[in-house]
Structures are given as C-alpha cells and as structure tokens.
Amino acid sequence: MSKTGAACVGHMEKAPTRSDGLGTRAITITIDGPAGTGKSTIARLLARRLGLEFLDTGAMYRAAALAAMLAGVDLHDGEAVARVVEESGMHFDWRCDPPRLWIERPARMDVTQRIREADINVAVSMVAAVPAVRRVLVERHRAICKAHPRLVAEGRDQGSVVFPDAAVKFYLDADPLERARRRAGQLREAGQRVDESAIHEDILRRDRADMERAVGPLIRPADAIVVDSTKLSTEEVVDLMERHVRKRLGEEVDG
Ligand code: DC
C-alpha cells in the first residue's frame, strides 16, 4: 500500500481531478439545510461527479467539540472553548477521498471516526452555538476555500453566511417524518433498537435549535435553489443538483 493509502485508512486515495466540462476556474457550491437530509453524502457525491473538492463543515464543529472535551474545558465557557478550537490546528488530509480530519492539540489525532460517536452528538450542539467558535471556524472555512477554490461546501450556514458569493447555492430539505424514517433505517441497519417517534422529536428539536441560534442560524438563502428530497433517492438528488450546476455554470464556461 502506498504511503497515501496508509494515511487514508477506510477512505479512498483521491482520484486525480478529471476534466468535468466546468473549466478550471474557482467554483464554490454550497449546500445548506437541516439535519438528516443527507447533505454530507450528497455533497460528497456531487463533488465527485463535478471533479470538485468537498468540505464537511459539520465535521469541523464536531472536531471542535472533541478538542474542547479532550482539553477538559467547561463547554459552557464559550471563550475558553473558542481558544481551544483556535489552537487545535484542525486540518483535513486532502489526499484522501473524502478528506480525513485531524487535530494537533491537545493531542495529535485523526478524529474522523471518533467525532461520529454519541457523546459528540450531544456536545456539538452546545459548541456550535458559541459565537466565538463560529467566528474561528467560519474564518477557517474561508481559508480552506482560498486553498481549495473548487469546492462543494456543506453545512447549515455555507450559502447564507460563509460564502455569500457562491456560484451555486442549494438548500436541501426533506419532511421531518421522512428524515426520522431514514435515520431509524440507518440505526436498524447498524443493529440498534430504535424509537422512531423519539427520533422524530429529536429532529424537530434540532431544527428549532438550528433556526433559533443567534449566530449563523439555519435560514434559506434567498438565492438558493431549494431541493426537497422527501420523495427522491440520493442518486436522484445528486442528478438534479448536477443538472442545475451544469446548466448554470456550463453555459458560462462554454459561452
Ligand atoms: O451536519 P453534522 O450533524 O455533522 O453537524 C454537526 C453539528 O454542527 C450540528 O449540531 C450542526 C452544527 N453545524 C453548524 O452549526 N454549522 C455548520 N456549518 C455545520 C454544522
């Protein structure tokens, strides 16, 4: 196995960027939307189809929560949490597809798997609501976009706050009942017992928290293309988005 392959455990090595009909100029595409709509999967697939890179900003909020927990700071102390995040040296390994996420402090570690565990699901909502943390991470998202200017960026606030000038903005939505049904299916597949109505309640609670947050709340950007995935498969959503992007940008490139 190559050195890169070893670094990408469980992930593929990034394929060389192929010709995609979209030229070579900078392109930022954003996908905003509530929890449980499959944003990350769809953003990753769309990026692959278009030969762009993929930025999972939710993973960065998760890594921020983990860094704060490892540093032992009180998660209610926003300034202390923000300091830990600022000093964490959080970075992606772009050689992998999807990129793996690392922190350097308080301990050097590949956090890609760890940030998906249950304790992080709980802590991250608190950390994502801290304005100072959001400032640090928004700055980081923009720095990443400078270094990787052909990007599909996914998160709650990418089109509305972080990249207001994005070339194409999507808002991905789905009925909360359908989102709960999908989540329950994933958990059942993982062998867990599930209470679908509790999952539905949790999704409604997360929607409220995301929309009522003072800084970077979940909103639908006025210039976003709204995609409702309630009745669509992942493949159909990616097809639809790809058509929108190619129509909007392909014509500019050709013309
Ligand atoms: O998409 P996710 O579940 O991995 O996101 C983790 C948490 O981070 C979730 O509470 C929403 C929050 N988040 C955010 O506030 N802003 C973003 N751009 C991305 C995620």
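All ligand and atom numbering here is 1-based and tracks the order in the structure.
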### Task
Could you find the nearest protein heavy atom to atom 12 (C) of ligand 1 and give me its residue, atom name and distance?
Ala128 CB, 3.9 Å

#### Entry: ligand 1 contacted by Met126 (non-hydrogen, < 4.0 Å)
no

### Per-residue contact class, Met60 against ligand 1 - non-hydrogen pairs under 4.0 Å
neither

### Query
Are the charged groups of Glu235 and Arg49 less than 4.0 angstrom apart, N to O?
yes

#### Entry: Test item: Leu55 and Glu154 side chains (from C-beta on) under 4.5 Å apart, heavy atoms
no

### Task
Please determine if Arg48 and Asp97 form a salt bridge, counting it only when a charged side-chain N lies under 4.0 Å from a carboxylate O.
yes

#### Entry: Heavy-atom nearest neighbour in the protein, as seen from atom 6 (C) of ligand 1, with distance rounded to 0.1 Å
Arg62 NE, 3.7 Å

### Message
Tell me whether Ser125 has any N or O atom under 3.5 angstrom from an N or O of ligand 1.
### Response
no

### Query
Any nitrogen or oxygen of Asp56, main chain or side chain, under 3.5 Å from a nitrogen or oxygen of ligand 1?
no

### Query
Identify the closest protein heavy atom to atom 16 (N) of ligand 1: which residue and atom is it, and at what distance?
Arg134 NH2, 3.1 Å

### Task
Using a 4.0 Å heavy-atom cut-off, say whether His141 meets ligand 1 through its side chain, its backbone, both or neither.
neither

### Close side-chain approach of Met241 to Leu172, heavy-atom, < 4.5 Å
yes

### Query
Is it true that Glu139 and Arg142 have a side-chain N and a carboxylate O under 4.0 angstrom from each other?
no

### Message
Please determine whether a side-chain nitrogen of the Lys or Arg among Arg188 and Glu196 lies less than 4.0 Å from a carboxylate oxygen of the Asp or Glu.
### Response
yes

### Query
Quick one: does Leu137's side chain get under 4.5 Å of His141's, heavy atoms only?
yes

### Protein heavy atom at shortest distance from atom 20 (C) of ligand 1
Gly58 CA, 3.5 Å

### Query
Heavy-atom distance under 4.5 Å between the side chains of Pro217 and Glu212, does that happen here?
no

### Task
Just need the protein heavy atom nearest to atom 18 (N) of ligand 1, so name the residue and atom and give the distance.
Asp157 OD1, 2.8 Å

### Query
In the protein, which heavy atom is nearest to atom 19 (C) of ligand 1, and how far is it?
Thr57 OG1, 3.4 Å

### Task
Could you tell me which atoms of ligand 1, counted from 1 in the order shown, lie closer than 4.0 angstrom to a heavy atom of Gln158?
18 (N)

### Query
For atom 1 (O) of ligand 1, what's the nearest protein heavy atom and its distance?
Arg156 NH1, 3.3 Å

### Message
Regarding Asp93 and Arg100, does a basic nitrogen lie under 4.0 Å from an acidic carboxylate oxygen?
### Response
no

### Query
Salt bridge check: are Asp210 and Arg205 linked by an N-O gap of less than 4.0 Å?
no

### Query
Below 4.0 angstrom, N of the basic side chain to O of the carboxylate: do Arg116 and Asp56 qualify?
yes

### Query
Going by the order shown, which atoms of ligand 1 are within less than 4.0 Å of some heavy atom of Val124?
7 (C), 8 (O), 10 (O)

### atom 8 (O) of ligand 1: the protein heavy-atom neighbour that sits closest, reported with distance to 0.1 Å
Tyr61 CB, 3.5 Å

### Task
For Arg116, counting its heavy atoms only, list the atoms of ligand 1 lying under 4.0 Å from any of them.
4 (O)

### Message
Using a 4.0 Å heavy-atom cut-off, which part of Arg213 comes near ligand 1: side chain, backbone, both, or neither?
### Response
side chain

